[in-house]
Asker: 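Below is the structure I would like to discuss, written out as structure tokens.
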Amino acid sequence: MTKKLYLPLLVAFIAVLASCGSKLGELSSDYFTVTPQVLEAVDGKVPATITGKFPEKYFNKKAVVVVTPVLKWDGGEAKGQSATFQGEKVEGNDQTISYKSGGTFTMKTSFDYVPEMAKSELYLEFDATIGSKSVSIPSIKVADGVIATAEMVEQTLSTATPAEGTDAFQRVIKEKHDAQIMFLIQQANVRASELKAAKEFGQEVKDVNDAVNKKISNIEISAYASPDGGYDLNKGLAENRQDNTAKVISKNLKKAKIDATVDTKYTAQDWDGFQELVSKSNIQDKELILRVLSMYQDPEQREQEIKNISSVYKTLADEILPQLRRSRLTLNYEVIGKSDEEISNLASSDPSQLTLEELLYAATLTDDASKKEAIYTKTTQLYPSDYRAYNNLGKLAYQAGDLDKAESYFKKAASIQDAPEVNKNLGLVALSKGDKTAAESYFGKAAGAEGLNEALGNLYIAQGQYDKAVSAFGDTKTNSAALAQILAKDYNKAKNTLDNVEIADANTDYLKAVLGARTNNSSLVTSSLKSAVAKDSSLAKKAASDLEFSKYFTNSDFMSIVQ
């Protein structure tokens, strides 16, 4: 009796299984591919595209399977976005997989990068149910580790150069002193009343000549005649005024025993001076007179047309023309500033004796960071309303690796003046702290700042825009520029850049090793990595798990360097 009942029940159970499909089970990693094959950190993320396949007669018609990418490393893991799939008899909106023919799928995922991911493995985990019953599907490893070369921007960025608030110091400043000798209409003699002006001018020449920090360049005498009257008459008057003025000045120089070059010239009809005086005056019909000057170029026609404006000509004769009958005296001289030695000594002994520009310049005369800091600090005390010393203190702090101190100084500088170089520097700090949005905002307000393209290049690396980074760096020879070129796979340019970095450091050598690995140059890998580790021993541990060197993990020379 029992046997008679058992057989029909068994047949019925098999029929049920056949109608529902399989019970699911272990999947092979051969059914899954990951792009890129080796994961890579880009813009602070580790993106991956997973293409998978459920084979024929695998997916139970009543099954629901949730697939979750999980990146695992020693001591931690990160889960990506899940995807859900359903059998043919499940009511839902997820992708349906056929029992008979199976089905393929593509899912994108991304993980927030952390350095520990360099030595990690990507798994797919499955959460499956058939009806109300849970089904176990073993997890599958689909990829190894994360290449994080792009994240080296954090190290290369530390050598970026903040923009400096430059001084406007000039050792030699050109100065001049002007005076005038006036003449009566149609006369060229220097009147007794005008000798006083010549004497005062001579005293100014003597004072400059006697000053220890001043040097006379030359004296210019420019004589003029007003544009009324004929050209020949005015030419003679202007020339005589030039000669008579030169005699007076030369006599005074000789008496004072001053050897100075005297250059002379004359202008027969001073139409330019006439136009300038009229344009600045309030006389009647001013615009009409100026229009005449623009319409006619012939001197005689100009004069006649202006005389035709009878209502105003007398005013011109009384107020404008007399001012044009003159000789202009110009003393050109140079003010010689303090020597570098004097400035350096005063910067340390008595900074209050220096001007703002001299103090800022003093800081450029030393390579000692502590001395620079002392000078800039004193400058902020003596000239607190100028932003440049605060900015430069921030630069020193940035180069010393103290980002918080640098940011504080840069913000103080920005509170005084929203200068391009300050915004560039604040952008560097923001980028160094991982705030790419703030960095981009600051750089947008830094047009004209020195080194802005270098800063933008670093930002583009951090954003994963490698081609734009290469373009921004141009021919700059820095670690950051080489990093961008490696990431953009422009290996020839990267080699040239790394060979010409002005101050090569451990990161320079490490990048050369990466370049060697990517171009199958084993000797470059080992020689460069050996040099890098000698300069910074921590790079041995980094290289030991860096998948850039995965094919060298069994190389005895490589392992002897990183162990």
Side-chain angles (χ1 to χ4, degrees), residues 154-155 157-173 213 335-433 435 438-439 441-443 445-452 454-455 458 478 502-503 505:
E154 295 180 7
Q155 287 78 47
L157 186 60
S158 66
T159 60
T161 305
E164 187 165 292
T166 56
D167 64 87
F169 172 73
Q170 290 180 277
R171 194 179 311 283
V172 178
I173 302 174
N213 67 329
V335 179
I336 313 299
K338 300 178 184 70
S339 68
D340 286 357
E341 184 178 4
E342 289 174 312
I343 290 174
S344 292
N345 289 338
L346 286 171
S348 59
S349 63
D350 191 2
S352 63
Q353 295 299 310
L354 296 175
T355 66
L356 169 61
E357 304 305 333
E358 287 173 333
L359 272 171
L360 292 172
Y361 176 69
T364 70
L365 299 177
T366 178
D367 293 325
D368 188 320
S370 62
K371 290 182 179 179
K372 285 179 180 287
E373 183 177 10
I375 293 171
Y376 288 137
T377 299
K378 193 62 181 180
T379 305
T380 63
Q381 296 167 359
L382 293 171
Y383 302 97
S385 61
D386 191 273
Y387 77 94
R388 289 172 293 175
Y390 290 106
N391 177 80
N392 296 351
L393 283 168
K395 177 182 177 181
L396 292 173
Y398 182 93
Q399 292 174 323
D402 192 337
L403 293 180
D404 290 337
K405 186 177 180 181
E407 184 175 32
S408 176
Y409 278 127
F410 291 144
K411 286 187 174 179
K412 175 62 177 177
S415 71
I416 297 172
Q417 185 171 328
D418 193 32
E421 59 264 42
V422 178
N423 281 309
K424 179 217 165 177
N425 296 341
L426 282 168
L428 285 177
V429 171
L431 188 55
S432 298
K433 290 187 172 185
D435 191 342
S441 176
Y442 281 125
F443 292 155
K445 298 184 290 183
E450 181 183 4
L452 178 59
E454 180 189 13
N458 281 288
T478 64
E502 186 174 350
I503 304 177
D505 59 13

Asker: Measuring from D386:CG to L360:CG, what's the distance to the nearest 0.5 Å?
Answerer: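 Interatomic distance, D386 CG to L360 CG, rounded to 0.5 Å: 6.5 Å.
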
Asker: Kindly indicate whether the side chain of P351, heavy atoms from C-beta on, has any atom under 4.5 Å from the side chain of L346.
Answerer: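 No, too far: nothing below the 4.5 Å cut-off.
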
Asker: Is a salt bridge present between E373 and K405, judged by a nitrogen-to-oxygen distance below 4.0 Å?
Answerer: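 Judged by the 4.0 Å cut-off on N to carboxylate O distance, E373 and K405 do form a salt bridge.
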
Asker: Check this for me: D350, atom CG, are more than 12 non-hydrogen atoms of other residues, nucleotides or ligands nearer than 6.0 Å?
Answerer: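 Enclosed: over 12 neighbouring heavy atoms sit under 6.0 Å from CG of D350.
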
Asker: Looking at N423 and Y442, would you say the former's side chain and the latter's main chain have a donor-acceptor pair under 3.5 Å?
Answerer: no

Asker: Does the plane of the ring in Y409 sit parallel, tilted or perpendicular to the ring in Y390? Use 30° and 60° as the thresholds.
Answerer: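 Judged by the thresholds at 30° and 60°, the geometry between Y409 and Y390 is tilted.
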
Asker: Would you indicate whether K445, at its atom NZ, is surrounded by more than 12 heavy atoms from other residues, nucleotides or ligands within a distance under 6.0 Å?
Answerer: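 Yes, enclosed.
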
Asker: What's the shortest heavy-atom distance between L354 and A347, and which atoms?
Answerer: CD1-N, 3.6 Å

Asker: Working to the nearest 0.5 Å, report the span between CG of N391 and CG of L426.
Answerer: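 Interatomic distance, N391 CG to L426 CG, rounded to 0.5 Å: 8.5 Å.
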
Asker: Hey, is the main chain of E341 close enough, under 3.5 Å, to the side chain of S344 for a donor-acceptor pair?
Answerer: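 It does not hold such a pair.
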
Asker: Charged N to carboxylate O under 4.0 angstrom, K372 versus D367?
Answerer: no

Asker: How far apart are the closest heavy atoms of T379 and I375, and which atoms are they?
Answerer: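 Heavy atoms only, the tightest pair is OG1-O, 2.7 Å.
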
Asker: Okay, side chain of D418, backbone of A414: is any donor-acceptor separation there less than 3.5 Å?
Answerer: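 The answer is no, because no donor-acceptor pair under 3.5 Å joins these two groups.
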
Asker: For L428, does its backbone N or O pair with a side-chain atom of S432 as donor and acceptor, under 3.5 Å?
Answerer: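 Looks like yes, one N/O pair under 3.5 Å.
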
Asker: Rounded to the nearest 0.5 Å, what's the gap from CG on L396 to CG on N392? Could you check?
Answerer: 7.0 Å

Asker: To the nearest 0.5 angstrom, please state how far the CD atom of E358 sits from the CD atom of Q170.
Answerer: 12.0 Å

Asker: If you apply the rule salt bridge (charged side-chain N to carboxylate O under 4.0 Å, His left out), what do you find for E357 with R388, and how did you get there?
Answerer: CA-CA 10 Å; E357 304 305 333; R388 289 172 293 175; 2.8 Å; yes

Asker: Taking it one step at a time, do K433 and D404 satisfy side-chain contact (heavy atoms from CB on, under 4.5 Å)?
Answerer: CA-CA 10 Å; K433 290 187 172 185; D404 290 337; 2.7 Å; yes

Asker: More than 12 non-hydrogen atoms from neighbouring residues, nucleotides or ligands closer than 6.0 Å to NZ on K411, yes or no?
Answerer: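 Check fails, neighbour count at 12 or below.
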
Asker: How long is the span from the CG atom in D402 to the CD atom in E407, to the nearest 0.5 Å?
Answerer: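 Reported to 0.5 Å precision, the distance equals 10.5 Å.
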
Asker: Using distance alone, with no hydrogens and no angle criterion, decide if Q381 and Y376 have a side-chain donor and acceptor under 3.5 Å apart.
Answerer: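 The criterion, which ignores hydrogens and geometry beyond distance, is not satisfied for Y376 and Q381.
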
Asker: Could you pull out the closest heavy-atom pair between L157 and Y398, with the gap in Å?
Answerer: O-OH, 3.0 Å

Asker: Verify side-chain contact (heavy atoms from CB on, under 4.5 Å) between Y387 and E421, making sure each step is shown before the conclusion.
Answerer: CA-CA 10 Å; Y387 77 94; E421 59 264 42; 2.5 Å; yes

Asker: Using 0.5 Å steps for rounding, measure from the OG atom of S385 to the CG atom of L356.
Answerer: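 Rounded to the nearest 0.5 Å, the OG-CG separation comes out at 8.0 Å.
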
Asker: I need the minimum non-hydrogen distance between F169 and K338, along with the two atoms involved.
Answerer: CZ-O, 4.1 Å

Asker: Has T366 got a side-chain atom pairing as donor or acceptor with A363's backbone, closer than 3.5 angstrom?
Answerer: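 Not at all, since once roles are kept as given, no pair shorter than 3.5 Å links the two residues.
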
Asker: State, to 0.1 Å, how close N425 and A163 come at their nearest heavy-atom pair, and which atoms those are.
Answerer: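 What the structure gives for the nearest pair is OD1-N, 2.7 Å.
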
Asker: Over all heavy atoms of both residues, which pair between A160 and E454 is shortest? Give the atoms and the distance, please.
Answerer: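 Closest approach of A160 to E454, heavy atoms only: CA-OE2, 3.8 Å.
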
